[in-house]
Each structure stands twice: as structure tokens, then as C-alpha cells.
Amino acid sequence: MPERTVPFTKAQMEKIILEFPTPFHIYDEKAIRENAREFLKAFSWNKGFKEHFAIKACPNPQIIKILKEEGFGTDCSSMPELLMSERLGITGEDIMFTSNDTPASEFKKAMELGAIINLDDISHIPFLEKAAGIPELICFRYNPGPLRKTAEGNTVGNPEDAKYGVTKEQLFEGYNIMKKKGSLRFGLHTMIVSNELNADNLVLTAEMLFDLAVEIKQKCGIELEFINLGGGIGIPYRPGQKRVDYKVLSERIRKAYDEKIIGNGLSGIQLRMENGRAITGPYGYLVTKAIHEKHTYKEYIGVDACMANLMRPALYGAFHHITVLGKENSARDHKYDVVGSLCENNDKFAIDRELPKIEIGDILAIHEAGAHGYAMGFNYNGKLRSAELLLKADGAVEKIRRAETVEDYFATMVWS
Ligand SMILES: *Cc1c(COP(=O)(O)O)cnc(C)c1O
């Protein structure tokens with residue numbers, strides 16, 4: 001199995017660690033920019049194509065700033081995410097507000113910012129009207145339920161179990177109500193796949209929405225202004241898995257667009273997407289040091305990070321590749337559980353993982369930690385959130401979030 005590369009050498013990382021102690025997340029600016037450009041270029045055939053970075057995947061202002069410079073908007077689902085967009089100068093229809101179970105205050109803020117409101121339910125129409133009024137542009141989140149089949153005839157994920165979105169009948173009703181209430185511009189959205197590496201399923205989603213656009217025109221007399229295909233493009237966590245080829249994916253979506261949208265006399269529907277994982281996931285690393293080894297019924301390596309820094313392995317049993325710096329070419333002839341220090345037995349970054357022999361002090365880079373990594377951090381067991389660093393395009397390293405201190409942790413508590 002070929003070793004996955006990291007954008008730093010052991011010597012470089014040792015120098016970085018002198019200034020910024022482990023553990024930390026480090027993001028590769030150059031790779032993020034290149035990936036963002038490649039993504040937008042692939043879809044440039046569609047006039048006005050917009051990618052809204054799902055903030056939840058990597059909520060750091062410096063990362064979002066980089067993506068804004070590359071032409072991305074944001075996808076928000078909470079007040080702080082809306083406020084973060086606003087503070088970075090991202091407003092108006094560059095924000096997609098896709099929330100569910102939404103508080104009135106958030107609808108109000110989203111409307112103030114001129115964000116695109118994506119309604120999760122038709123019962124939210126009177127709720128929105130009361131909270132903030134009726135927007136000119138409105139979008140609905142569609143949940144196809146049992147209507148969604150894969151190429152093999154199985155439902156993807158299981159939309160019927162998902163709390164999100166409206167049924168087809170509700171969708172038509174929703175557009176009709178909003179039209180009566182004065183909305184003039186309309187969008188359609190769905191998000192039914194997650195970490196999807198099979199382009200077939202991403203194309204199927206597009207085809208389903210394109211067919212639906214035609215039906216919406218027939219049933220409601222509405223020509224959609226945009227279709228948001230959602231996020232969910234997967235990334236290869238495991239060595240040997242292949243990344244989604246944006247160009248191939250985009251060309252297949254274009255073919256469906258030409259046939260179903262253009263072919264049915266609909267003109268110029270803008271496409272939007274809201275990926276998070278594929279945009280930053282592969283370009284972030286959790287860097288941690290081996291501080292203990294333990295030999296009992298199994299071989300353990302204890303590191304100075306824990307599942308509070310990266311929860312995916314514990315939460316989903318997710319695989320994250322590990323590079324031991326300086327041992328990239330050594331035989332992976334040892335089998336370890338790589339563990340953190342939480343009082344939870346699932347605090348393991350890897351189980352029975354074949355790795356080179358690890359010595360105390362070795363630096364480990366845990367891959368694909370650039371999305372849903374730091375973001376899912378928490379304070380259980382009094383664990384403090386670690387720092388985030390940016391490996392800049394010119395090779396310099398900048399701290400883009402300091403580590404939490406005990407004072408931060410104590411600050412919200414009442415002490416007297
Ligand atoms: C989580 C989420 C996304 C981003 O998902 P990724 O897997 O990171 O691409 C986009 N839209 C909505 C509504 C989401 O909940």
C-alpha cells in the first residue's frame with residue numbers, strides 16, 4: 001500500500017512544534033486553494049455556479065477567508081455561522097441558510113443578511129412570516145423518501161428516516177403558498193448523501209432534481225432560479241480509495257442538465273452546491289506526539305491528542321490514515337491501538353493498525369482531519385480544545401486559533 005504523503009517533513013514539523021506544542025490541527029493552504037480552484041473550474045460551464053462552503057466542516061475564519069477569496073460562499077445552519085459569515089463580509093445570496101428546527105431569531109438574522117432561506121418544512125412558512133416576513137427568493141429542502149433509488153435499486157442512506165426536508169406533494173404546496181404570499185424567485189435543494197465516493201449516486205441526485213424542476217414548472221408554473229445539489233462529496237479516508245474526479249462528475253451532471261433542463265425548455269438554471277468535507281477534509285492533519293507505550297493484552301501507543309480533537313473514529317468507527325513522521329518508508333510491521341487519554345474506551349484513533357515501530361516522542365500525523373475534525377471537538381473530561389495552524393502557501397506557519405486554556409474552560413462556570 002503506498003504511503004500517503006504529508007506536506008511537511010519530520011524536521012520541518014519538529015521546528016513547528018518548538019513554537020506550537022502538540023496536539024494541533026494544521027491546514028495546507030496551497031492544497032486547499034488548488035482543490036477549490038479545480039472544483040469551481042469543473043463546474044464553470046454552468047453560469048453563476050456557486051459553492052457554499054459548509055461552515056460546520058471547518059469553522060475557522062482564516063479558512064473561510066481563503067475560500068471566499070477563491071469565490072466560495074457559505075452554507076450556514078446556526079446563528080454563530082451566520083455571524084461568522086457576516087464578520088467575514090459574506091452576505092446576501094452568497095449565504096445559503098439551510099437549517100432545521102430553526103429558532104425565530106435565526107430566520108430574522110438570515111433575512112437581515114439577505115441570505116437564501118432554505119425551508120425545511122412547509123409549517124415553517126407561517127413561522128418565517130411571523131418572525132421575519134416573506135423573502136423575495138425562497139428555497140425548499142426536498143426529501144425524496146422512498147422515491148430515491150440508487151442504480152442498484154437500494155435507497156441511499158435512508159431518506160425516509162431522515163428528519164430533513166419536505167415530501168414532493170408538500171414541495172408543490174410550499175411553492176404555491178410562497179407564490180401567493182409574494183415570493184418571486186425560487187430555488188430547490190436536497191442533501192441526501194454523505195461522504196459519497198460513488199459519482200453514480202451524486203449524478204442520480206442531480207437527475208432527480210432536474211426532473212423535479214420540470215415537474216415544478218408544470219405543477220406550479222414556476223421556473224426555478226437555482227438548484228442546490230447539496231454537499232456530501234466524499235473523500236478517500238482509506239488508502240486505495242479513489243477521490244471523486246470533479247471534472248468527470250461535472251461532465252455527467254452537465255449531460256443530465258442539457259438533456260433534462262435545456263431539453264425541456266427551461267433556461268439557465270443556476271447550480272449551487274454546499275460541500276464541506278471535500279473542500280478541506282484531505283488538507284488538514286491532526287499532529288500529535290506519542291507519549292506512552294503500553295503492552296498488556298494488546299500493544300498501545302498513547303498520544304497527546306484524544307477524541308476531543310478528532311471524534312470521527314470513536315463516533316463512527318471511521319478510518320483515518322496515520323503517518324509516523326520520518327518513518328514514511330519503514331515497514332508497517334507493528335500492530336497498535338493508537339489511543340487518547342479520555343476515560344472512554346472508544347478513545348482510539350486506530351485499532352489493530354499496522355504501523356512502523358513507534359518510539360516515545362515520535363510525531364504522528366492523522367490524515368483527513370480538515371473537516372469534521374476540530375469542528376466536532378468538545379470538553380468532556382476537562383479536555384481543552386487544541387490550536388489550529390495554517391501552513392501557508394509560502395511555507396510559513398501561522399497560528400489561526402490558539403489552544404483553549406483552563407481559564408477559558410472555567411470562564412463559563414459560577415465560582416462564588
Ligand atoms: C453537513 C451538511 C453539508 C456538508 O456536508 P459535507 O459532507 O461536509 O459535504 C451540507 N449541507 C447540509 C445541509 C449539511 O447538513
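Remember, it's 1-based here, ligands and their atoms both numbered in the order they're listed. Quick note: numbers below take in every heavy atom, side chains included, and nothing from hydrogens, waters or symmetry partners.
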Report yes if [X] has an N/O atom closer than 3.5 Å to an N/O atom of ligand 1; otherwise report no.
{"X": "G276", "value": "yes"}
{"X": "G232", "value": "yes"}
{"X": "T98", "value": "no"}
{"X": "R141", "value": "no"}

- Task: Below 4.0 angstrom from a heavy atom of D75, which ligand 1 atoms are there? Numbered from 1 as shown, please.
- Result: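 Answer for ligand 1: 10 (C), 11 (N), 12 (C).
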- Message: At less than 4.0 angstrom from any non-hydrogen atom of A54, what atoms of ligand 1 do you find?
- Response: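 Close to A54: 3 (C), 4 (C).
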- How would you list, by chain and number, every residue that makes a salt bridge (charged side-chain N to carboxylate O under 4.0 Å, His left out) with E274, sequence neighbours excluded?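 In terms of salt bridge (charged side-chain N to carboxylate O under 4.0 Å, His left out), with neighbours along the sequence ignored, E274 is linked to no residue.
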- Item | Option nearest atom 14 (C) of ligand 1 (shortest heavy-atom distance, choices M191, K56, H52) |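 Ranked by closest heavy atom to atom 14 (C) of ligand 1, first place is K56.
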- Query: Parallel, tilted or perpendicular for F72 and F39, by the 30°/60° rule?
  - Reply: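 Ring orientation of F72 relative to F39: tilted.
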- Write out the residue and atom name of the closest protein heavy atom to atom 10 (C) of ligand 1, then the distance separating them to 0.1 Å.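 Result for atom 10 (C) of ligand 1: E274 O, 3.1 Å.
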- Do we see a donor-acceptor contact under 3.5 Å between the side chains of S85 and T74?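 Note: S85 and T74 side chains meet the donor-acceptor criterion.
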- Cut-off 3.5 Å, side chains only: do Y246 and N35 have a donor facing an acceptor?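 Indeed, the side chains of Y246 and N35 share at least one donor-acceptor pair under 3.5 Å.
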- Have a look at E136 and tell me which of R185, K179, K181 forms a salt bridge (Lys or Arg N to Asp or Glu O under 4.0 Å) with it.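 Passing option: R185.
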- Other residues, nucleotides, ligands: >12 heavy atoms within 6.0 Å of D101 CG: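 Not more than 12 within 6.0 Å, no.
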